[in-house]
Amino acid sequence: MNKTLTMPQQAADSSSNATIKETINSMINELIVSLPNPVQLTSEGRRGIIARYTAVLEGNFIYWMTAAYISVQSEEA
């Protein structure tokens, strides 16, 4: 069963949108700079990073996907 969600059009405040985009881009750049340089990582270091992220994500994945599934079926989503 397919559902189509229509969103009301809102007036866009271009200065507000520009500020939000600048903030997001700044946050993304700060995050990227804080990451380790992949060229300098050993294969053991790369495996360690993957293992840590897997351990963190595995326990919450089903809950996150269930919440996402429920939210996209709501009118508000």
Side-chain angles (χ1 to χ4, degrees):
M1 180 167 127
N2 288 334
K3 294 183 179 181
T4 303
L5 178 66
T6 57
M7 298 296 290
Q9 294 247 340
Q10 297 178 356
D13 180 359
S14 61
S15 64
S16 176
N17 287 344
T19 303
I20 291 170
K21 287 180 182 180
E22 287 174 16
T23 302
I24 291 172
N25 285 334
S26 173
M27 293 170 76
I28 290 170
N29 289 333
E30 288 174 18
L31 175 65
I32 290 173
V33 167
S34 73
L35 296 173
N37 185 349
V39 175
Q40 295 175 343
L41 289 173
T42 64
S43 61
E44 184 177 310
R46 289 190 295 269
R47 282 193 294 272
I49 290 171
I50 292 169
R52 284 192 299 276
Y53 279 93
T54 300
V56 169
L57 295 175
E58 235 174 17
N60 295 312
F61 184 78
I62 291 174
Y63 299 110
W64 291 337
M65 291 300 106
T66 302
Y69 178 73
I70 290 169
S71 69
V72 298
Q73 290 185 353
S74 71
E75 288 292 325
E76 295 83 23

Please output the side-chain donor-acceptor pairs of residues 45-68 that fall under 3.5 Å, not counting sequence neighbours, one pair per line with the distance.
residue : atom : partner : partner atom : Å
Arg46   : NH1  : Leu41   : O            : 2.9
Thr54   : OG1  : Ile50   : O            : 2.7
Thr66   : OG1  : Ile62   : O            : 2.7

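- One finds the CD1 atom of Ile20 at 7.5 Å from the OG1 atom of Thr23 (value rounded to the nearest 0.5 Å).
- The shortest side-chain heavy-atom distance between Thr19 and Ser16 does not fall under the 4.5 Å cut-off.
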